[in-house]
Each structure stands twice: as C-alpha cells, then as structure tokens.
Engineer: 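Dropping a structure here in structure tokens format, bear with me for questions.
Below, chains carry the letters A, B, ... as their sequence lines are ordered, and counting in each starts from 1. None of the values given here were measured: they were computed from a predicted structure.
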Number of protein chains: 2
Amino acid sequence: MTGQDVEAVLRAGGHRITRPRTAVWAALVDADDHLTAEEVAARVEQQDAGVNLASVYRTLTLFEELELVRQSRLGDDPAGRWEITHPDDDFHLVCTVCGAVDHHVGSLVQTVRDHLEGGHGFAVDEVDLTVRGRCAACAGATA
Amino acid sequence: MTGQDVEAVLRAGGHRITRPRTAVWAALVDADDHLTAEEVAARVEQQDAGVNLASVYRTLTLFEELELVRQSRLGDDPAGRWEITHPDDDFHLVCTVCGAVDHHVGSLVQTVRDHLEGGHGFAVDEVDLTVRGRCAACAGATA
DNA sequence: TTTCATGCAAATTCTTTGCAAGTTA
DNA sequence: TAACTTGCAAAGAATTTGCATGAAA
C-alpha cells in the first residue's frame, strides 16, 4: 500500500488529504512496527511539524475504519498499538525476555481460518494470534 | 481448580485468605465467562457484601501473578476482561454481530504451540488466539 | 500483636470530545 | 466559499496509588 493508494482510499471515502494524515501514514510506514499513538506523534514531530495527539487519535481511528491500519493490545500494555494492515499483521510473536515483537509470516493464520470455516460455520473476519514466550536467542541464553 | 486449591496457592505465596479474595474467585468461577473488573465487583456485591473496585483490581492482579486468572483485551473494548485460567481459555471466538464471546475448546492452540516449538526455536508460554467474525447463527441470518 | 489487606479518595494514564480557527476542495 | 479538519483544553473511562483503619495469622 503506497502513499498514493492511501490518498485514493481517503478520497473515495470523501475524506480530505491533509498534512496530519499524510504524516501519520508516513510514520507508520517508516516504523514497520507497532506504535502507540504517542509514539506516532513523536515520530511525526521529528519529520514534519508537530501534530496534536488528539488529531493522531482521530486519524488512526479514521484509518482503522478504512481498514488501512489495525489496533492491537499486546500483553498487559495498557496503551493500544497501531500498525499498517497487511495480510500477516495478525500473527504476533512477543518475547517476554527481550520484548521483541515479531511479525511471524506463515501459514498458521490460514490454518485457523480453514479450520473454523470448514467445521464450525463461523465466518472469519479477523484472526489475531498472539504468542508470548521466549524467542530463539533468549530461550538459548536462559537454557 | 477448586476453591481449596486457590487457598493453597495463596498460602504458598505467603498471601492471606480474605473475604474479598474468596468472593472475587467465586464470582469468576460462577461467571465462566469474561468479566470486566466492574462486572466482578457487581457480582460480588450481589452475593456477599460489597468489595471496593480498587480491591477487585488488586485481587485480580494478584491472581494474575499467581497464574490463577488471565486478562485479555478483546476487540476495541477499552476495558480489560478477566477469566479463570484453564487450558483452552486462550481461544476466543468473538461474533461482531451479536457480540457473543465463545470459548472454543479445541486442538488449534496445541497446533500453534507445536508448530512454533518445532520449527522456530520459540519457547511458547502463552497463546492468545482471538478470531473475530460472525457466528453460525448470525452468518446464516445475514447470508 | 504484628503484618498484610482493605476502603476511600485522589492521582495517573490513555483516549475522546466541544468548539473556535485554519485548510482543503 | 462551504464543508471538513485541526489544535487546544477540558472531559471521560479505566486503572493505580497513598494512607489510615481493619482483619488475618
């Protein structure tokens, strides 16, 4: 999803292209990571001029409605974290030792979808698979 | 996990058996469901005398440390929800139409564990699998 | 009786909202 | 120009914390 695609999605929904929206999107693209609203605001501030936190929240909420981004709440972190929507976004490996959050790209999510669609009559819209544990490096260090 | 088991876990950790702790545990057992802290407080009030919300939070946090309960945040509900820990607790089916939250008890979580432990060197501690979509009843109604 | 837990109220953190001023189309 | 957005500040919701009183061991 490029910046131009985003502009097209916004326009299609009757929304305007504004500096805050462009800047928030750029911050999320650069990050390639899960950011809290405050982190997004901080990164925007470094690049462009500042964007108010309230506007960041409004922008993220809008993007979520347009399915451009997703919010997730990992572990017991009280703050919501945002990331750009892409097919494997919904599979998170969280290391409880070093704190790394990995987007594990694999076939498991599809397995889950197939299992549910096939046997349970449940129409799957979103799969959010969060696994907590110790990544290979940390598991090796403590073993 | 019976009430007696819980008392044993508390004692083993050097914690006292108190009315609020007993009452919160009972509420969670009765519910067999995901409850917010406020819902726990409300249910306790119906049974026993009231327990302060702050104490409910402190109790839930303690139980979480003792791995007696788990907290999860489903969808974009801002409130944390608590439930008793048991092997299949970590598989949630959330219907976006009727709002039903189902504990789907099945083999998928184990599949995820096996997959990761086997191929990725990731030591799994917790799997949280949340699927959003439409349950059989609601999918049929809108189809 | 000594230490731990509770209740109450105030404080924090994250997020949302009202409204006037600034921007986009 | 007309409608949509932003920034600012205040409001809200969920959760945490300080401290004196009360209860458990």
Engineer: Would you say dT6(D) has OP1 or OP2 under 4.0 Å from some side-chain N or O of Asn52(A)?
Structural biologist: no
Engineer: Would you please confirm or rule out a distance under 4.0 Å between OP1 or OP2 of dT15(D) and any side-chain N or O of Tyr57(B)?
Structural biologist: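 So the side-chain polar atoms of Tyr57(B) do come within 4.0 Å of the phosphate oxygens OP1 or OP2 of dT15(D), strictly under.
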Engineer: When you match Trp82(B) and Arg58(B) each to their closest nucleotide on DNA chain D, which lands nearer the 5' end?
Structural biologist: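 The residue mapped nearer the 5' terminus is Trp82(B).
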Engineer: To the nearest Å, give me how far apart CZ (Arg73(A)) and P (dC14(C)) are.
Structural biologist: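 Answer to the nearest Å: 11 Å.
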Engineer: What distance separates Leu35(A) CG from Arg81(A) CZ, expressed to the nearest 0.5 Å?
Structural biologist: 7.5 Å
Engineer: Rounded to the nearest 0.5 Å, how far apart are CZ of Arg70(A) and NE2 of His34(A)?
Structural biologist: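 Rounded to the nearest 0.5 Å, the CZ-NE2 separation comes out at 9.0 Å.
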Engineer: Could you tell me the separation between the CH2 atom of Trp25(B) and the CD1 atom of Ile17(B), rounded to the nearest 0.5 Å?
Structural biologist: 12.0 Å
Engineer: Return the 5'-most residue of the pair Arg11(B), Val56(A) with respect to DNA chain D, ranking by each residue's nearest nucleotide.
Structural biologist: Val56(A)
Engineer: Check DNA chain D for consecutive Watson-Crick or G-U pairs with both distances under 3.5 Å and list the runs of at least three as stems.
Structural biologist: C:1-25 with D:1-25
Engineer: Which nucleotide in the set dC14(C), dG7(D), dT17(D) lies at the smallest distance from any side-chain heavy atom of Pro78(A)?
Structural biologist: dC14(C)
Engineer: Would you say that Glu7(B) contacts Leu10(B) through its side chain, given a criterion of any heavy-atom pair below 4.5 Å between the two side chains?
Structural biologist: no
Engineer: Tell me: CG of Leu62(A) to C1' of dT17(C), nearest whole Å?
Structural biologist: 16 Å
Engineer: Heavy-atom contacts under 4.0 Å between residues 14-23 of chain A and DNA chain C, which residues?
Structural biologist: Arg16(A), Ile17(A)
Engineer: Tell me: CZ of Phe63(B) to P of dA5(C), nearest whole Å?
Structural biologist: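 So the CZ-P distance, Phe63(B) to dA5(C), works out to 12 Å.
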Engineer: Measuring from Gln71(A):CD to Thr61(A):OG1, what's the distance to the nearest 0.5 Å?
Structural biologist: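 Separation between the atoms: 7.5 Å.
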Engineer: Specify the separation, in whole Å, of atom CD of Glu45(B) and atom C1' of dT6(C).
Structural biologist: 15 Å
Engineer: Can you tell me how far P of dT5(D) sits from CG of Leu60(A), to the nearest Å?
Structural biologist: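 Checked: the CG to P distance equals 15 Å.
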Engineer: Hey, could you give me the OG1/CD distance between Thr22(A) and Gln47(A), rounded to the nearest 0.5 Å?
Structural biologist: 13.5 Å
Engineer: Please report the closest heavy-atom contact between Arg43(B) and Ala27(B), naming both atoms and the distance.
Structural biologist: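 Reported closest heavy-atom pair: CB-CB, 4.2 Å.
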Engineer: Just the rounded figure in Å: distance from C1' of dA9(C) to CG of Leu53(B).
Structural biologist: 13 Å
Engineer: What is the distance, rounded to the nearest whole Å, between atom CZ of Arg81(A) and atom P of dT15(C)?
Structural biologist: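 Rounded to whole Å, this separation is 10 Å.
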Engineer: Say you draw a straight line from CZ of Arg21(A) to NE2 of His15(A); how long is it, rounded to the nearest 0.5 Å?
Structural biologist: 7.0 Å
Engineer: Let's see if you can work this out: which of dA25(D), dT6(D), dA25(C) has an atom nearest to the side-chain heavy atoms of Ser55(A)?
Structural biologist: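 Nucleotide nearest to Ser55(A)'s side chain: dT6(D).
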Engineer: Less than 4.5 Å apart, any side-chain heavy atom of Phe63(B) and any of Val9(B)?
Structural biologist: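 The answer is no; the side chains never approach within 4.5 Å.
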